Amino acid sequence: MKLSKQNLDQRLDHVYDVIIVGGGAGGLSAAIYLQRYRLSCLVIEKGRGRSFWMQDLRNYLGLPPDTPGRDLLKQGQNHILELGADYLRGFVEEVRDEGETFAVKVKVGRQESLYPVFRSKYVIAASGIIDRLPQLEDMQNVYDYAGYNLHVCLICDGYEIADKRCGLFVGSEGAINTAFVLNWFTPYITVFTNGQVEVGAEMRQKLREHGYPLVETPIKQFLGHDHEMTGVQLTDDSQVDLETGLVAMGSHYYNEYLQGLDLEWKGGNLVTDSMCRTSHPRLFAIGDLKEGLNQVSIAVADGTLAATAIWRDIRRASAPRRWQENLIGAVP
């Protein structure tokens with residue numbers, strides 16, 4: 001059932017088997033498997049996550065390469081609702097361990113917000129990350145190209161960058177090292193700091209040795225048309241022509257709601273076992289929140305693993321179902 005302000009009170013007394021925080025590819029995959037395992041789950045999705053901004057899923061088996069990420073998500077949402085899952089648009093503010101259950105506090109609605117608390121036996125953290133983008137005065141100018149030929153993932157889109165004049169937009173000196181991986185796909189790399197990064201002598205020398213220009217003048221705007229970025233205009237009104245771009249400015253992890261729990265972390269990632277179980281036996285982390293590749297295909301597989309591990313836990317703790325009619329007259 002699709003929940004909203006109008007009907008969420010119908011579920012406040014229900015204890016779910018699993019609450020999934022995040023309705024991206026990983027969270028939806030987990031929900032599909034959980035419902036097919038005949039368990040009850042609630043998916044809570046904040047909206048506009050990383051998958052939503054993917055304009056083309058060019059490396060996902062079984063889909064046309066021009067499939068937008070939002071189409072994949074919409075299909076997944078419809079699928080879980082058909083299977084009987086609950087789905088709520090909201091922002092999870094806190095997950096609290098109550099012993100046998102988790103209490104999940106959610107903000108629903110930006111105006112006149114409600115703050116319901118839902119309960120579940122297990123939680124799957126699938127809230128993912130969002131990539132940091134160059135901060136310009138007109139951010140719509142950035143959004144016009146981000147996810148099209150202004151890429152954020154080298155693993156996803158290196159093929160699309162191959163042998164093109166590429167701008168590498170960095171947020172730290174360390175991120176400049178991306179250039180020395182990017183050059184597998186193209187050597188025509190120009191590094192842009194947007195005037196916000198201190199670059200040391202050693203890195204400058206390394207860039208010179210590879211022939212990669214370093215542009216430290218702040219960016220005024222991206223140039224292009226019809227979502228195709230063709231270059232940048234700098235604040236001194238000079239222009240640099242490009243055919244594509246890669247943003248390497250890091251990401252924000254949506255994990256604040258987990259900070260009150262005693263969990264093992266490695267940087268911004270949760271440490272998990274092979275079935276995506278965290279150091280808390282009833283809390284799982286999938287997709288970009290755990291260590292590993294930030295790929296849709298990985299998140300989908302993680303959802304399968306976490307859902308299956310939870311089903312095994314619950315099944316093993318449950319009494320077996322017997323064919324009662326065949327037990328009549330059986331020897332006790």
Side-chain angles (χ1 to χ4, degrees), residues 1-54 68-98 101-130 143 252-260 282-289 296 299-300 303 306-307 310:
M1 179 170 70
K2 215 166 198 178
L3 300 183
S4 66
K5 285 183 179 180
Q6 286 67 42
N7 65 357
L8 57 80
D9 59 312
Q10 298 180 33
R11 291 294 195 256
L12 295 181
D13 293 330
H14 178 69
V15 177
Y16 291 94
D17 290 308
V18 187
I19 289 178
I20 302 169
V21 183
L28 293 171
S29 171
I32 289 170
Y33 274 85
L34 288 167
Q35 291 298 134
R36 289 174 59 86
Y37 285 136
R38 305 184 73 181
L39 300 175
S40 64
C41 73
L42 166 65
V43 176
I44 304 172
E45 164 60 15
K46 68 183 183 312
R48 295 181 175 269
R50 200 186 201 202
S51 299
F52 178 85
W53 292 104
M54 293 180 188
R70 65 196 68 182
D71 285 2
L72 179 74
L73 299 182
K74 183 62 178 174
Q75 181 174 322
Q77 291 165 19
N78 291 338
H79 193 173
I80 68 167
L81 290 170
E82 290 171 1
L83 290 170
D86 286 344
Y87 182 91
L88 173 66
R89 288 295 293 270
F91 187 86
V92 174
E93 293 198 332
E94 181 186 20
V95 173
R96 189 172 67 255
D97 185 359
E98 297 182 319
T101 60
F102 290 103
V104 180
K105 180 182 177 183
V106 186
K107 178 182 178 181
V108 180
R110 293 188 177 182
Q111 298 180 344
E112 299 181 359
S113 303
L114 299 179
Y115 294 87
V117 175
F118 299 92
R119 284 176 169 79
S120 65
K121 301 170 188 174
Y122 289 79
V123 165
I124 295 177
S127 43
I129 61 176
I130 194 70
Y143 301 143
H252 171 76
Y253 291 82
Y254 287 114
N255 59 25
E256 293 85 356
Y257 61 94
L258 297 170
Q259 297 304 319
R282 292 183 291 107
L283 195 147
F284 290 71
I286 66 176
D288 298 343
L289 283 190
V296 170
V300 169
I310 291 170

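Numbering of residues begins at 1 and proceeds along the displayed sequence. Model, not experiment: these values are computed from the prediction. Side chains are part of it too, since the values below use all heavy atoms of this structure and drop only hydrogens, waters and symmetry mates.
Two residues are said to be in side-chain contact when any heavy atoms from C-beta on lie closer than 4.5 Å; Asn255 and Ser127 fail this criterion. In this structure the side chain of Asp97 reaches within 4.5 angstrom of the side chain of Arg282, judged on heavy atoms. Residues Leu73 and Glu45 are not in side-chain contact: their nearest non-hydrogen atoms beyond the backbone lie 4.5 Å or more apart.
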Can you give each donor-acceptor pair under 3.5 Å made by side-chain atoms of residues 74-83, sequence neighbours left out, with the distance rounded to 0.1 Å?
residue: Gln77; atom: NE2; partner: Tyr87; partner atom: OH; Å: 3.2
residue: Asn78; atom: ND2; partner: Lys74; partner atom: O; Å: 3.4

Would you tabulate the side-chain donor-acceptor contacts of residues 14-21 under 3.5 Å, counting partners in other chains and residues two or more places apart, or write 'none'?
residue: Tyr16; atom: OH; partner: Asp86; partner atom: OD2; Å: 2.6
residue: Asp17; atom: OD1; partner: Lys121; partner atom: NZ; Å: 3.2
residue: Asp17; atom: OD2; partner: Ser40; partner atom: N; Å: 2.9
residue: Asp17; atom: OD2; partner: Ser40; partner atom: OG; Å: 3.3

What donor-acceptor contacts under 3.5 angstrom involve side-chain atoms of residues 112-120, with partners at least two apart or in another chain?
residue: Ser113; atom: OG; partner: Gly109; partner atom: O; Å: 2.3
residue: Arg119; atom: NE; partner: Glu98; partner atom: OE1; Å: 2.9
residue: Arg119; atom: NE; partner: Glu98; partner atom: OE2; Å: 3.4
residue: Arg119; atom: NH2; partner: Glu98; partner atom: OE2; Å: 2.9
residue: Ser120; atom: OG; partner: Tyr122; partner atom: O; Å: 2.8

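Residues Ile286 and Ala30 come closest through the heavy atom pair CD1-CB, 4.5 Å. Between Val43 and Gly23, the shortest heavy-atom contact is CG1-CA, 3.7 Å. Met1 approaches Gln10 most closely through the heavy-atom pair CE-OE1, 3.9 Å. Closest approach of Ile310 to Phe284, counting heavy atoms only: CG1-CE1, 3.5 Å. Lys2 and Asn7 get closest at one heavy-atom pair: O-ND2, 3.1 Å. Nearest heavy atoms, Val300 versus Ser29: O-OG, 2.7 Å.
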Val104 and Leu42: side-chain contact (heavy atoms from CB on, under 4.5 Å), yes or no, with the steps?
CA-CA 11 Å; Val104 180; Leu42 166 65; over 6 Å; no
Could you go through the side-chain contact (heavy atoms from CB on, under 4.5 Å) check for Leu258 and Leu283 one step at a time? CA-CA 10 Å; Leu258 297 170; Leu283 195 147; 3.9 Å; yes
(message) Walk me through whether Arg11 and Leu3 qualify under side-chain contact (heavy atoms from CB on, under 4.5 Å).
(response) CA-CA 9 Å; Arg11 291 294 195 256; Leu3 300 183; 4.0 Å; yes
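Expressed to the nearest 0.5 Å, how far NZ of Lys107 lies from NZ of Lys46 amounts to 14.0 Å. Here CG of Leu289 is found 8.5 Å from OH of Tyr253. Values are rounded to the nearest 0.5 Å. Distance check, rounded to the nearest 0.5 Å: CD of Glu94 to CD of Gln259 gives 11.5 Å.
Between His252 and Tyr254, the two ring planes are perpendicular [angle over 60°; tilted spans 30° to 60°].
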